[in-house]
There are 2 protein chains.
Amino acid sequence: MLDPRKLHLLRELARRGTIAAVAEAVTFTPSAVSQQLSALEREAGVPLLERTGRTVTLTPAGHLLVEHAQAVLEQLERASAALAAVRGGPAGPLRIGAFPTAARVLLPPALAHLTGAHPALEPRVAEIDPADVSAALRAGELDVALVHEYDFVPPVTDASIETAPLFGEPMYLTDRPSVAAARSDAWITGKPGTLCHSMAIRACQAAGFEPRVRHHVDDFDTVLAFAAAGLGVALVPHLAATAPPPGVRLTRLPLSRRTLAAFRKGNGAHPAIGAAVTAFRTAVPHLPL
Amino acid sequence: MLDPRKLHLLRELARRGTIAAVAEAVTFTPSAVSQQLSALEREAGVPLLERTGRTVTLTPAGHLLVEHAQAVLEQLERASAALAAVRGGPAGPLRIGAFPTAARVLLPPALAHLTGAHPALEPRVAEIDPADVSAALRAGELDVALVHEYDFVPPVTDASIETAPLFGEPMYLTDRPSVAAARSDAWITGKPGTLCHSMAIRACQAAGFEPRVRHHVDDFDTVLAFAAAGLGVALVPHLAATAPPPGVRLTRLPLSRRTLAAFRKGNGAHPAIGAAVTAFRTAVPHLPL
DNA sequence: GGTCGAGCATAAGCTCAGCTTAAGCTCGAA
DNA sequence: TTCGAGCTTAAGCTGAGCTTATGCTCGACC
């Protein structure tokens, strides 16, 4: 019988690319991962990995098995969720990941509602950029996460992750009437690798130019302070722009950002996940949208 | 993460009813099964078994988990079948179960065709009554089995077993024009617990009487010899009635028997299973139906 | 073109999950 | 009341699977 633990390692290898990265994700040594994958290959009776020097890539058979691993792990997740549901209402630790703006604006009322409704639940929040959410969910470091997706930026596209939409909000540009009008300005974006960074780049590309990025700042309050000081222009979401500093003029753009809850596929039936999504949605009407 | 091996034990317990029977099926000691199920309960966090004295029954939560176990094991079976397919054509051992008539009539030409088309395949045949097929398939003692279903007898009804129809044949009654006309005769049926036994009982019940069963004989040649000796009447399928002994008159009834190939759900994509079903079907046209 | 470091595999050793045997408990049947 | 079928618990042993240690390969960098 195929071992789901080994299948999980194979799936992680398919996503992360190196055995070392898989080992880090599951807090094993690379040696252990290597041994497990070798054993899986032996049981499979067909090469799954191609070793070329110091790198390793999946064979077509490997990719095929990853597809099946996905289905198996999803079913196991469903079974666990069903057990959690039969154990009773939401209880125990619930690890929540959130991007900074959500952590500040959405989570306080949501968590108040959540712990009020389910005293046995122990929510634990960690800040995380949406770009890293899929990996953290798959690795079991998080149970549910708040993420956003922008126009121009592909949404979470991971077969093992499921999302539930929460709300949308418009985007604003500082001090210019349109993205095209900021063609020759200095830009303030998020750090490379974050979703906010990609979002700004893609929006400018869609307007026909490559932005000149001068400052990499993740916190939108700081971004607005920079803009107020005339250091550049930036795109900010509504939630971060309810009280702009004096001297910053915001123009609403035909761009939007959607916020979603993400969790492992098959885990949606888990009562704690359901309670969290409900709490998030309950908190949304109180937001200054 | 839930362990599929433990889930398999729970599923077997749901079918077989006692820990001792499960242990016998998987060739463990009852102690090992008991320990594994206790561990599963601990991981599940909810009672799955109810111990009342020396017997054990599944709780509702236990039954729920069995449903999920079924889905998980089916996905694992699919994954294994996909690997077997990617390994190449049908090869290796293939354990085939068959009821006696099929073993004598259908299997010789089917196996000739099978090994001719796939020399790397090593078919191994074991005679088995259709009533025991599901358990043997689930336990992994067989890979594919020939079974039959009669009118009046419910077909294989096991969520973990899948069937592929092969052929149907009419049934015959010895020395009487109809079942109703044999109301007061002595009957020859299969041994209690076999499908042939149930079939005869149900057919008589449908005709409005309870048969007086005097002889329990499984082999249809022997049955016909008994009938020729005037020891009773019997229902025989066409395949067993192509050369009745002198003195036995056969009447074709509006009853039929269907022969099917059975295998574990999810295993249908296994190349050896596919090849076997094809071979069975190829052999059917040569049968004296 | 050496040198360094990142990445993977193998060897050796150790720990613990999971099996067996043995013994005890419970309950229905004779 | 005794016996046996069935489950659990205790104790011990083996092997799967982890770690550490070591060696190999190859691209990057001076």
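We name chains A, B, ... by the order of the sequence lines, and we start the count at 1 in each one. Computed from a predicted structure; not experimentally measured.
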Look at all strands and tell whether B:T18 reaches a base, only sugar-phosphate, or nothing, counting heavy atoms closer than 4.0 Å.
sugar-phosphate
With a non-hydrogen cut-off below 4.0 angstrom, is B:A32 in contact with a base, only sugar-phosphate, or nothing?
base
Length of the line joining [X]:[atom1] and [N]:[atom2], which is rounded to integer Å:
X: B:L49; N: D:dG6; atom1: CG; atom2: P; answer: 16 Å
X: A:E50; N: D:dC26; atom1: CD; atom2: C1'; answer: 16 Å
X: B:E41; N: D:dC7; atom1: CD; atom2: C1'; answer: 13 Å
X: B:L13; N: D:dG6; atom1: CG; atom2: P; answer: 13 Å
X: B:H8; N: C:dG18; atom1: NE2; atom2: P; answer: 16 Å
X: A:L48; N: C:dA9; atom1: CG; atom2: P; answer: 12 Å
X: B:L37; N: D:dG6; atom1: CG; atom2: P; answer: 16 Å
X: A:R16; N: C:dG7; atom1: CZ; atom2: P; answer: 14 Å

Using distance alone, with no hydrogens and no angle criterion, decide if A:S34 and A:S31 have a side-chain donor and acceptor under 3.5 Å apart.
no
Pairwise 5' ranking along DNA chain D for A:E43 and A:T52, keeping only the more 5' one
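This one resolves to A:E43.
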Most 5' of A:V33 and B:F28 on DNA chain C, judged by nearest nucleotide:
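This one resolves to A:V33.
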Salt-bridge test for B:R138 and B:D158: reply yes if a basic N is under 4.0 Å from a carboxylate O, no otherwise.
yes
Taking 4.0 Å as the cut-off, does a side-chain nitrogen or oxygen of [X] come that near to OP1 or OP2 on [N]?
X: B:R54; N: C:dG24; value: no
X: B:R5; N: C:dC19; value: yes
X: A:S34; N: C:dA9; value: yes

Check every atom of [options] against the side chain of [X] and return the nucleotide holding the closest atom.
X: B:T29; options: C:dT21, C:dG18, D:dC7; answer: C:dT21
X: B:Q35; options: D:dA10, D:dC7, D:dC18; answer: D:dA10
X: B:S31; options: C:dT21, C:dG18, C:dC8; answer: C:dT21
X: A:R51; options: C:dA9, C:dC27, C:dT20; answer: C:dA9

Taking the side chain as every heavy atom from C-beta outward, state whether A:L58 and A:L65 have any atom pair closer than 4.5 Å.
no
Looking at side-chain heavy atoms only, is the closest gap between B:S80 and A:L2 below 4.5 Å?
yes
Ignoring hydrogens and angles, answer whether the base of D:dT8 and the side-chain atoms of B:S38 contain a donor-acceptor pair closer than 3.5 Å.
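Side chain to base: no pair present.
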So how far is it from B:T59 OG1 to B:E50 CD, rounded to the nearest 0.5 Å?
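So the gap between those two atoms works out to 7.5 Å.
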